[in-house]
Amino acid sequence: MTATAHDTYSSDRLRFAVMGAGSVGCYFGTLLARAGHQVTLIGRPAHVQAIQARGLRLQTATEDIHVPISASTDPAAITGADVVLLSVKSTDTESAARQIQPHLGAHTLVLTLQNGVDNDERVRSVLGPRQPVGAAVVYVATAMAGPGHVRHYGRGDLLLPPSPVSERLVRELAAAGIPAQVSSNVRGALWSKLVINCAYNALSAIVQKPYGWLVQQDGALQLIDNLVAECLAVAQAEGVEMADDIHAAVQGIAASMPGQLSSTAQDLARGHPSEIEHLNGHIVRRGAALSVATPVNQAMLVLVRMLETLRPEAASRP
């Protein structure tokens, strides 16, 4: 078969599409668009309409800008992309993969920018072994401040898996102001991030308070240590190697992002389904399978589930 532009990487700049244009996808997509890349965001109608009318508003500690960027509600708009940044909630991974599947080129790289440690495997189970799929590790604090409006609170770097386009991707991301590097141990980094998420996300959601406030409360540091210990026991049983000093990393989050509400807290505040099943829930399930006790993570999981049931509108949202 003769290759088309849709089947091979372009000789000019890489073309990007963001499937699931929430705060993370919009943040990276906006920086890429500002740097001159062709970027298409796929998102919800109200969000897309705001972007089409005014561009995407990106508010950071140093600037407040509107960036013109293509946006659509139709997954078919990813056609022609060299790289698809999949940034839907982990609960929507398989359904999003099915939506984009008919529109992918043979060489289009699907890069998961999500919480959890198994999204790339779940995408691959839908798209098949021939489609390039990889997991990226995302380090950024963002939130949606309204339709077409993203606020950035901290960091903004990526860890990428090896792929035929990864080194080029690192260069183009860097030129757009996005620090990135390629790692042969993305799995270990994903698990390190999972441990951090399990330490803070549910707690922040339950009390609707940011990380800095949490660690100042009596007994909170011991509770966080217990959550981390259970996660590390499961990771060890899984054979996961985490290169980072995870305890220092956990402590560093509260120091570097003291005003950040967790994504789970933001979901509950808006009446949205959370990703708790792919965070503390993943630890609980893998712990049960590996005969590792996880009672503190179990408590966090059950409490967040209870809070979700107090928001009946969440059950009706896609």
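Nearest heavy atoms, Gly156 versus Val140: CA-CG2, 3.7 Å. The two atoms that bring Val228 and Ala199 nearest to each other are CG2-CB, 4.0 Å, heavy atoms only. Shortest non-hydrogen contact noted between Asn115 and Ser263 is ND2-OG, 3.6 Å. The shortest heavy-atom contact between Ser163 and Ser166 is OG-OG, 2.7 Å. The two residues Gly29 and Val18 make their nearest non-hydrogen contact at CA-CG2, 4.4 Å. Closest non-hydrogen pair, Ser23 versus Val150, comes out as O-CG1, 3.8 Å.
Put simply, the side chain of Val126 does not reach to within 4.5 Å of the side chain of Ser95, judged on heavy atoms. The shortest side-chain heavy-atom distance between His66 and Leu56 does not fall under the 4.5 Å cut-off. Annotation: side chain of His272 is not in contact with side chain of Gln266 (no heavy-atom distance under 4.5 Å). Asn226 has its side chain out of reach of Glu230: every pair of non-hydrogen atoms, C-beta onward, lies at least 4.5 Å apart. The closest side-chain heavy-atom distance from Asp82 to Val165 is not below 4.5 Å. Contact of the Pro164 side chain with the His107 side chain is not registered, since no non-hydrogen atoms from C-beta on lie closer than 4.5 Å. By the 4.5 Å heavy-atom criterion applied to side chains, Leu160 and Val186 are not counted as neighbours. Side-chain contact between Asn197 and Glu275 is absent, with no heavy-atom pair separated by less than 4.5 Å.
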Dump the intermediate steps for side chain to side chain contact (heavy atoms under 4.5 Å, CB included) on Arg15 and Thr40, then the final yes or no.
-> CA-CA 9 Å; Arg15 297 159 295 179; Thr40 301; over 6 Å; no

I would like to know whether Ser90 and Asn119 meet side-chain hydrogen bond (donor to acceptor under 3.5 Å, both in side chains); could you show each step before the answer?
-> CA-CA 7 Å; Ser90 293; Asn119 285 291; 3.2 Å; yes

Might you work through the side chain to side chain contact (heavy atoms under 4.5 Å, CB included) test for Gln217 and Lys209, ending with a clear yes or no?
-> CA-CA 11 Å; Gln217 308 312 304; Lys209 292 291 185 181; over 6 Å; no

Steps toward side chain to side chain contact (heavy atoms under 4.5 Å, CB included) verdict (Val24, Gln114) | CA-CA 9 Å; Val24 170; Gln114 301 167 275; over 6 Å; no

Intermediate values then yes/no, side chain to side chain contact (heavy atoms under 4.5 Å, CB included), Leu194 and Ile283 = CA-CA 9 Å; Leu194 176 65; Ile283 294 297; 3.9 Å; yes

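One hydrophobic cluster, built from ILVMFWY side chains closer than 4.5 Å, cannot hold both Leu86 and Val48; they sit in different ones. Hydrophobic clustering, with ILVMFWY side chains joined whenever heavy atoms are under 4.5 angstrom apart, keeps Leu268 apart from Leu261.
At least one donor-acceptor pair closer than 3.5 Å links the side chain of Gln208 to the backbone N or O of Ala205. Judged by distance alone, the side chain of His103 and the main-chain N or O of Ala77 form no donor-acceptor pair under 3.5 Å. Between the side chain of Arg13 and the backbone N or O of Ala35 there is at least one donor-acceptor pair closer than 3.5 Å. Not one N or O on the side chain of Asp64 forms a donor-acceptor pair closer than 3.5 Å with the backbone of Gln59. A donor-acceptor pair under 3.5 Å is absent between the side-chain atoms of Ser72 and the main chain of Ile42, judged by distance alone.
Separating the CG atom in Asn280 from the SG atom in Cys231 is a distance of 6.5 Å, to the nearest 0.5 Å. Distance check, rounded to the nearest 0.5 Å: CD1 of Ile276 to CE of Met300 gives 9.0 Å. Atoms CG and CD, on Leu109 and Gln131 in that order, are 8.5 Å from each other to the nearest 0.5 Å. Once rounded to the nearest 0.5 Å, the distance linking CD1 of Ile69 with CG of Leu41 reads 4.0 Å.
Side-chain contact check for Asn201 and Thr264: at least one donor-acceptor pair (N or O, by modelled atom type) lies under 3.5 Å. With hydrogens and angles left out, the side-chain atoms of Glu277 and Thr91 include no donor and acceptor closer than 3.5 Å. Between the side chains of Asp120 and Thr112, not a single donor N or O lies within less than 3.5 Å of an accepting N or O.
Sorted by first then second residue, the ring-ring contact (aromatic ring centres under 6.0 Å, His included) pairs that include residues 175-209, not counting sequence neighbours, are Trp191-His282, Tyr200-Tyr211. Listed by first then second residue, pairs satisfying ring-ring contact (aromatic ring centres under 6.0 Å, His included) with a partner in residues 145-178 read Tyr27-His152, not counting sequence neighbours.
Remark: Glu238 engages Arg286 in a side-chain hydrogen bond (donor to acceptor under 3.5 Å, both in side chains) (not counting sequence neighbours).
Other residues, nucleotides and ligands contribute at most 12 non-hydrogen atoms within 6.0 Å of the CD atom of Gln38. Within 6.0 Å of atom CD in Glu94, more than 12 heavy atoms from other residues, nucleotides or ligands are found, so the atom counts as buried in its surroundings.
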